[in-house]
Amino acid sequence: MQQKRNIQIIEWEDLDKRKFYSFGVFMTMTIRATVYPATLIRTRLQVQRGKSLYSGTFDAFFKILREEGVRGLYRGFMVNTFTLISGQAYITTYELVRKYVSQYSEDNTLKSLVAGGSASLVAQSITVPIDVVSQHLMMQGQGEHLTRFPLNSTTEKGKPRKVFGQTRNIMVQIFAVDGFRGFYRGYVASLLTYIPNSAVWWPFYHFYAEQLSKLAPSDCPHLILQAMAGPLAAATASTVTNPMDVVRARVQVEGRTSVIETFRQLIKEEGFWGLTKGLSARIISSTPTAIVMVVGYETLKKLSLRPELVDSRHW
């Protein structure tokens, strides 16, 4: 624990790992269920040509709700829940790398940057195949020109297709066309998006928390300051990395092989404004995500604190 900091950080060695992982699964699932609709909207906005389907975030939300119902906002969600595995891998890698870097440097910005980037590298290696499948499910019904793998309509009229039947259908088509490599389409673009995003988010999170602590009354609960710092860090990271996120979505859904060529075509067809597509949806989704994640994660760490350390910590 770094006592010299105004806002104390609970490090890996302070945690009861059994409690940490038990509570962590529930926290991760809650966060993903909360923000999934915004993730779906962001993907559709990024993949569409110009404003062919939706004029913006709120237009997309109301159109999906009206035409597809609440279920439409959760297309591909069941598949996406498998990212729980990557979520646990992410937080484990983050905490372990922080501990490792602390052997060489006590600079919190350096520890956060290296640990955040490393955690994203590990998590994306698990997440990309899940994202590839779930994004195709997100785009169903939006026009065959927006996805290479439309679903086969084999169910009786009026009856909804089975979720895992849809998933199997998409997976079979991906493997038939691209083989195993097809499930890692956009992997490089994902790394170029999420490693910088994660590496930027953590240092800015601690930076904003520190600055807020200087402005807030001394008796202000640290959790409130952290809950405010999270969205600020998320908005900063989202703005910096959104151009590559647009490219990543198109590479994965449209089946492109070149990140550079996809970037060039996007600029040619839609100009530099095309790089901001889905940014508002991303920031809107990142705000509650960051609040829930920060409050959940910091609370999780406090609940997972080793018993002998509980009385010695003041928040």
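Values below: every heavy atom of this structure, side chains too, minus hydrogens, waters and symmetry copies. Note that the coordinates shown come from a computational prediction; the quantities given were computed from them, not determined experimentally.
- Once rounded to the nearest 0.5 Å, the distance linking CZ of F263 with CZ of R248 reads 15.5 Å.
- Each of F183 and V122 belongs to its own hydrophobic cluster when Ile, Leu, Val, Met, Phe, Trp and Tyr are linked at side-chain heavy-atom distances under 4.5 angstrom.
- Side-chain atoms of Y94 and S198, non-hydrogen and from C-beta on, never get closer than 4.5 Å to each other.
- Note: Y184 and F180 have tilted aromatic rings, judged against thresholds of 30 and 60 degrees for the angle between ring planes.
- Few gaps surround CG on L215; more than 12 heavy atoms of other groups in view lie less than 6.0 Å from it.
- Taking CG of L137 as the reference point, atom CE of M171 lies at 10.5 Å (rounded to 0.5 Å).
- Checked against salt bridge (Lys or Arg N to Asp or Glu O under 4.0 Å), R306 has the following partners two or more places apart in sequence or in another chain: E308.
- Panel note: side chain S213, backbone E210; a donor-acceptor pair is recorded below 3.5 Å.
- The environment of OH in Y194 is crowded: more than 12 heavy-atom neighbours from other residues, nucleotides or ligands sit within 6.0 Å.
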Could you walk me through whether R44 and L53 pass the side-chain contact (heavy atoms from CB on, under 4.5 Å) test, one step at a time? CA-CA 9 Å; R44 291 192 179 184; L53 295 174; 5.9 Å; no
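- Within the 4.5 Å cutoff, the side chain of E298 has heavy atoms near those of the L223 side chain.
- In plain terms, the two heavy atoms of G56 and L45 that are nearest each other are O-CD2, 3.9 Å.
- Atom CG in L113 sits 8.5 Å away from atom OG1 in T109 (nearest 0.5 Å).
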Using salt bridge (charged side-chain N to carboxylate O under 4.0 Å, His left out), reason through E95 and K301 one step at a time and then give a plain yes or no. CA-CA 11 Å; E95 295 294 345; K301 292 175 78 174; 3.2 Å; yes
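- Q46 pairs by the side-chain hydrogen bond (donor to acceptor under 3.5 Å, both in side chains) definition with D245, not counting sequence neighbours.
- Taken to the nearest 0.5 Å, the CZ atom of R18 stands 9.5 Å off from the OG atom of S304.
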Review item, side-chain donor-acceptor pairs of residues 233-243, under 3.5 Å, at least two apart:
residue, atom, partner, partner atom, Å
T236, OG1, Y208, OH, 3.0
T236, OG1, L232, O, 2.9
S238, OG, A234, O, 2.8
T239, OG1, A235, O, 2.8
T241, OG1, N197, OD1, 3.2
T241, OG1, A237, O, 2.8
T241, OG1, R282, NH1, 3.1
T241, OG1, R282, NH2, 3.1
N242, ND2, L275, O, 2.9
N242, ND2, K277, O, 3.3

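- In the hydrophobic clustering of ILVMFWY residues, with side-chain heavy atoms under 4.5 Å counting as a link, L40 and F61 come out together.
- T81 and R32 form no side-chain donor-acceptor contact under 3.5 Å, judged by distance and modelled atom types alone.
- The main-chain N or O of V101 is never found under 3.5 Å from a side-chain atom of S105 such that the two would form a donor-acceptor pair.
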Given Q173 and V177, is the side-chain contact (heavy atoms from CB on, under 4.5 Å) satisfied, shown in steps? CA-CA 6 Å; Q173 292 186 70; V177 174; 5.5 Å; no
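- The backbone N or O of M244 lies less than 3.5 Å from a partner atom in the side chain of T193, making a donor-acceptor pair.
- Here the side chains of L305 and D16 are not in contact, with every heavy-atom distance at 4.5 Å or above.
- Between the side chain of S112 and the backbone N or O of P203 there is no donor-acceptor pair closer than 3.5 Å.
- Rounding to the nearest 0.5 Å places OH of Y187 at 12.5 Å from CG of D131.
- Looking at T127 and S86, their side chains do bring a donor and an acceptor atom within 3.5 Å of each other.
- Between the side chain of Y205 and the backbone N or O of P231 there is no donor-acceptor pair closer than 3.5 Å.
- Between Q124 and I195, the closest side-chain pair of non-hydrogen atoms is not below 4.5 Å.
- Between L225 and C220, some side-chain heavy-atom pair lies under the 4.5 Å cut-off.
- Heavy-atom minimum distance, V97 versus S118: CG2-CB, 3.9 Å.
- Of all heavy-atom pairs between A229 and L212, the closest is N-CD1, 3.8 Å.
- The backbone N or O of F272 lies less than 3.5 Å from no partner atom in the side chain of T276, so there is not a single donor-acceptor pair.
- Taking OH of Y54 as the reference point, atom CD1 of I64 lies at 4.0 Å (rounded to 0.5 Å).
- A continuous path of ILVMFWY side-chain contacts below 4.5 Å connects I130 to I170, so both sit in one hydrophobic cluster.
- Minimum heavy-atom separation, L300 to G24: CD1-N, 3.7 Å.
- K17 is linked by a salt bridge (Lys or Arg N to Asp or Glu O under 4.0 Å) to nothing, counting only residues two or more places apart in sequence or in another chain.
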Take K302 and I10 through the test side-chain contact (heavy atoms from CB on, under 4.5 Å) and record every step on the way to the result. CA-CA 8 Å; K302 290 171 186 175; I10 299 175; 3.8 Å; yes
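- Among residues two or more places apart in sequence or in another chain, the side-chain hydrogen bond (donor to acceptor under 3.5 Å, both in side chains) test is passed with W202 by Y90.
- With a 4.5 Å cut-off on side-chain heavy atoms, E270 and Q265 do not count as touching.
- No path of Ile, Leu, Val, Met, Phe, Trp and Tyr side chains, each step under 4.5 Å between heavy atoms, connects V35 with F77, placing them in separate hydrophobic clusters.
- Between L84 and M29, the closest side-chain pair of non-hydrogen atoms falls below 4.5 Å.
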Is there a salt bridge (charged side-chain N to carboxylate O under 4.0 Å, His left out) between K111 and E11 once you walk through the steps? CA-CA 11 Å; K111 288 194 290 185; E11 301 288 6; 3.8 Å; yes
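- Y36 places a side-chain N or O within donor-acceptor distance of the main-chain N or O of R75, the cut-off being under 3.5 Å.
- P129 approaches I126 most closely through the heavy-atom pair CD-O, 3.5 Å.
- Taking both residues in full, the closest heavy atoms of V251 and S258 are given as CG2-O, 4.4 Å, listed atom of the first, atom of the second, then distance.
- For D59, the salt bridge (Lys or Arg N to Asp or Glu O under 4.0 Å) partners are K63, not counting sequence neighbours.
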Using side-chain contact (heavy atoms from CB on, under 4.5 Å), reason through W12 and L96 one step at a time and then give a plain yes or no. CA-CA 7 Å; W12 181 250; L96 287 176; 3.2 Å; yes
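- In this structure the side chain of N108 reaches within 4.5 angstrom of the side chain of R98, judged on heavy atoms.
- Side-chain atoms of Y21 and T92 form a donor-acceptor pair, as typed in the model, at a separation below 3.5 Å.
- Hydrophobic clustering (ILVMFWY, side-chain heavy atoms < 4.5 Å, transitive): I91 and I85 are in distinct clusters.
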